[in-house]
Amino acid sequence: MTNQEIANLLRQVAAAYTIKRENRFKIIAYEKAADTISGLNNDLQDLWKEGKLFDLPGIGKAIGGYLDELFRKGVVRHFNQVLAQLPASMFPLMELSGFGAKKAYKLVTSLKLKNPKTAVEDLANAAKQGKIAPIEGFGEKSQQEILEAINRFKKGQKRTKRMPLAYAYEIANNVIEYLVRHQDTKEAVPLGSLRRMLATIGDIDIAVSTNNPEAVLDWFINYPKKFKVIEKGPSGATIILLNGTQVDLRVQKPEMFGAMLLYFTGSKRHNIHLRELALRKGLSLNEYGIKPIKKTKNLELSTKNFDQKMKLYTFSNEIDFYQALGLPLMTPEIREDTGEIEASIVHNLPKLVELTDIKGEFHIHTNYNLEPSHDLGASPLSEILNNASKLGYEYVGISDHNPSIGNHTSSQIVSILKRRKANYEQILSSLKSVRVKLLIMLEIDILPSGKLAVPDEAFEYLDAAIVSIHSNFHLDKDSMTKRVLSGLSHPKAKILAHPTGRLLERREGYELDWAKIFAFCKERNKAIEINSYPDRLDLPDYLVRQAVDEKVKLTIDTDSHAASQMDLIKYGVFVARRGWATKDDIINTMPYNKMKEWLEK
DNA sequence: GCCGTTTTCGGCCCGACTGTTTTCAGTCG
């Protein structure tokens, strides 16, 4: 069973308890457990095998025990008993927007819908025949809304694509630049997953701090690249851009801007955790500020800075808001409730890597034609070196793809690489003004056998190599792990590039045994790449976090195929930050000499 | 049913929105 299937099972049990009018906190407990499981990055069953089931938040004695039974026997007797008391046809209806357990149950029982397979269609027919409006608690309007929900559901079967972070980020920046040109805009900031720098983004949300919301909203809906206005109210507006992207704007008064940012940046789980924490101190948090609430015990101890008579404390920025709770600012990238709140309570948040820490990178393709089987870059070495100089880099590694093995003999490959080295060295010496150090590297295919796609003698002309998978993506986990480890075994193979092979929204990566990969890398001084290319962002953030925990070294590279793409490095830095990486975890924050030392050990 | 800077009992995130209601229930993010 997948995590989503298990989470779904728990949600069904929660729904059953809702109908049976069980203790509502018990229902919430099941929903919480389901949320935890659906948000996991690891297979729940693997965690169970490792005995970590009960470490998960929201999974205690009872639910943990049932899950244990599920993994041992394949079924949970208690769950089956509970679910058997309800009509199975109610669950498909709960997929519809606006439907919870109660509405679904009421409708299937009132209308005698028995077949789960046809329940949605049967409900649509009932609505069309006007059979829903007379049911107690329903009316004409809700009958109409149900029909619309069913239509949306049918359309929504083809799920809407999310866009890679980099595209959303650029679009949002353009809108923000436009917004701050208005005199009444005090500040404009992205919200939600965009501000937290998730790998993919749905809609773009932006917040503006202003004392004149009306004027800013008018300015916004006249954005030059607007296609149409969806809605405009007193506190926000929504437009669709010419490229089809939806952009939501929210406005707030400057004195309340901090609470608003916190609330709409999320994540939801971060906010909930924060509110639970605050509640124990006698404080209630909402999107407008902090409310002291009446508590019987230990009032002075916990809320000594808060006057109970005050209705609402407001905050113009997030730093003050967090500080009021006795916490340091948590950067948006880590607000996922994966331990950041616990760490901040004991003032043990890591100092995350920053863009300015980057001193170079290793993965850039030039237009030098070494007849590879994959694509060449578009820019000459000179342009790349000049750009590196502009970025303030100390060094760049050029990692063109290896010459194709189909079209060349081993000795031809060696001589191509020899020629390339001579060519690069000549270019470098001709660029007197450029002080950037050059590393002559290569991105080498790891063949399905685990062998590298260049002969051993070729390494004489390389300072170091990046290795990566570009073929036979469908090997099983064990074979792929062996393949990668074999490829990484060469002493000059120092970096594993785009390690999962994923392409966002287009291709799942292959599977690897990360525990083995991490252990190998740590022992043999290999680094794993965080590839900044917009469609990749690979290593993914949660694996970065695991690598950091295992003290595995990482690099942040762009995989640039043109000099202009070197700016993409910031997205890799965002991923690293989401994975709690510090400067010390990243090889290319080291100055040249230290980095060189690491490459050679 | 879960959990602990109120700690093994006694609490449990918060407000907006909608539709059906005359004060609330259900759903959502």
Side-chain angles (χ1 to χ4, degrees), chain A residues 10-11 13-15 17-19 21-36 54-67 78-79 82 93-107 132-146 148-149 191-193 202-203 205 233-236 248 250 259-260 262-291 293-304 312 325-327 337 341-342 344-347:
Chain A
L10 293 177
R11 290 204 178 93
V13 175
Y17 283 154
T18 306
I19 302 307
R21 299 185 179 279
E22 279 277 357
N23 177 318
R24 82 190 162 95
F25 295 109
K26 185 166 158 182
I27 297 163
I28 291 170
Y30 272 84
E31 282 166 351
K32 257 190 180 171
D35 284 346
T36 294
F54 294 89
D55 297 346
L56 297 170
I59 300 204
K61 241 182 178 175
I63 295 179
Y66 292 137
L67 292 175
H78 173 67
F79 288 176
V82 172
L93 299 193
M94 290 178 63
E95 306 284 316
L96 301 167
S97 75
F99 275 66
K102 292 189 179 179
K103 198 183 278 187
Y105 179 77
K106 179 124 198 190
L107 286 170
I132 291 178
I135 301 172
E136 188 201 357
F138 293 83
E140 285 296 335
K141 270 195 169 173
S142 51
Q143 178 167 273
Q144 197 52 38
E145 171 54 34
I146 286 168
E148 282 161 24
L191 297 169
S193 52
D203 295 336
D205 296 310
S235 63
D248 292 345
R250 294 175 181 281
M260 186 229 211
L262 197 59
Y263 179 82
F264 285 105
T265 297
S267 67
K268 189 184 168 189
R269 292 171 60 154
H270 176 86
N271 287 348
I272 289 176
H273 192 157
L274 220 50
R275 282 181 224 150
E276 287 169 345
L277 189 76
L279 206 57
R280 292 202 287 277
K281 298 183 178 191
L283 302 170
S284 173
L285 311 185
N286 62 31
E287 64 181 281
Y288 310 108
I290 299 180
K291 281 190 304 194
I293 51 176
K294 289 193 177 71
K295 280 278 170 179
T296 45
K297 285 188 269 179
N298 271 2
L299 194 59
E300 297 115 283
L301 186 86
S302 48
T303 61
K304 57 184 173 215
L312 182 75
L325 300 173
L327 299 171
D337 193 24
I341 293 175
E342 292 86 343
S344 67
I345 288 170
V346 294
H347 296 281

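So you know, we letter chains A, B, ... as the sequences are listed, proteins then strands, and number each from 1.
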Close side-chain approach of A/Leu262 and A/Leu285, heavy atoms under 4.5 Å: no
Going by purine N1 to pyrimidine N3 plus the second Watson-Crick contact, or the G-U wobble pair, all under 3.5 Å, which nucleotide sits opposite B/dT8? none
Whole-Å C1' distance, B/dG11 and B/dT6: 10 Å
Separation of atom CD1 in A/Ile59 from atom C1' in B/dC2, rounded to whole Å: 11 Å
Contact letters for nucleotides 17-29 of chain B, in which S counts primed atoms plus P, OP1 and OP2 and B counts the base, heavy atoms under 4.0 Å: --SS-----SSSB
At 4.0 Å (heavy atoms only), tell me whether A/Ile28 reaches a base, stays on the sugar-phosphate, or touches nothing. nothing
Rounded to whole Å, how long is the line connecting atom CG of A/Asn286 with atom C1' of B/dC14? 7 Å
Mutual orientation of the aromatic rings belonging to A/His78 and A/Tyr17 [parallel < 30°, tilted 30-60°, perpendicular > 60°]: tilted
Between B/dT22 and B/dC17, how far apart are the two P atoms, rounded to whole Å? 22 Å
Considering only B/dC14, B/dG15, B/dT6, which nucleotide approaches the side chain of A/Ser284 most closely? B/dC14
Could you state the atom-to-atom distance from OH of A/Tyr17 to C1' of B/dC2 in whole Å? 14 Å
For residues A/Asp205 and A/Phe264, determine if any side-chain heavy atom of one lies less than 4.5 Å from a side-chain heavy atom of the other. no
Say you pick atom P in B/dT23 and the same atom in B/dG29; how far apart are they, in whole Å? 29 Å
Categorize A/Asn271 for me: base, sugar-phosphate, or nothing, with a 4.0 angstrom heavy-atom threshold over every strand shown. nothing
Does A/Leu274 reach the side chain of A/Leu325, with side-chain heavy atoms less than 4.5 Å apart? yes
Classify A/Ile27 by what it touches in the nucleic acid, base, sugar-phosphate, or nothing, heavy-atom distance under 4.0 Å. nothing
Note: for A/Leu285 and A/Lys26 on DNA chain B, the residue whose nearest nucleotide lies more 5' is A/Lys26
For A/Lys106, which contact category applies under a 4.0 Å heavy-atom criterion: base, sugar-phosphate, or nothing? nothing
Could you give the CD-to-C1' distance, from A/Glu22 to B/dG1, as a whole number of Å? 10 Å
Is the shortest distance from a Lys or Arg side-chain nitrogen in A/Glu276 or A/Lys32 to a carboxylate oxygen in the other one below 4.0 Å? yes
Do A/Phe79 and A/Leu10 touch side chain to side chain, with heavy atoms closer than 4.5 Å? yes
Map A/Ala62 and A/Lys32 onto DNA chain B by nearest heavy atom, then report which one ends up closer to the 5' terminus. A/Ala62
Taken to the nearest whole Å, CG/A/Asp35 to C1'/B/dG1 is 15 Å
In whole angstrom, give me the gap between the P atoms of B/dT21 and B/dT27. 16 Å
Look at all strands and tell whether A/Ile63 reaches a base, only sugar-phosphate, or nothing, counting heavy atoms closer than 4.0 Å. sugar-phosphate
Expressed as a whole number of Å, how far does the P atom of B/dT8 sit from that of B/dC14? 23 Å
Are side-chain heavy atoms of A/Gln143 and A/Ile135 found at a separation under 4.5 Å? no
Once you round it to whole Å, what is the distance between C1' of B/dG1 and CG of A/Leu67? 13 Å
Could you state the OH-C1' distance from A/Tyr66 to B/dG1, rounded to the nearest angstrom? 10 Å
Could you measure between the two C1' atoms, the one in B/dT20 and the one in B/dG26, and give it in whole Å? 11 Å
Identify the heavy atoms of A/Ala15 and A/Met94 that sit nearest to each other, and give their distance. CB-CE, 3.7 Å
Looking at side-chain heavy atoms only, is the closest gap between A/Thr18 and A/Tyr105 below 4.5 Å? no
Whether A/Tyr30 contacts B/dC12 is assessed here as follows: a side-chain N or O lying under 4.0 Å from the phosphate OP1 or OP2. Is that the case? no
How long is the line joining NE2 of A/His270 and C1' of B/dC14, in whole Å? 15 Å
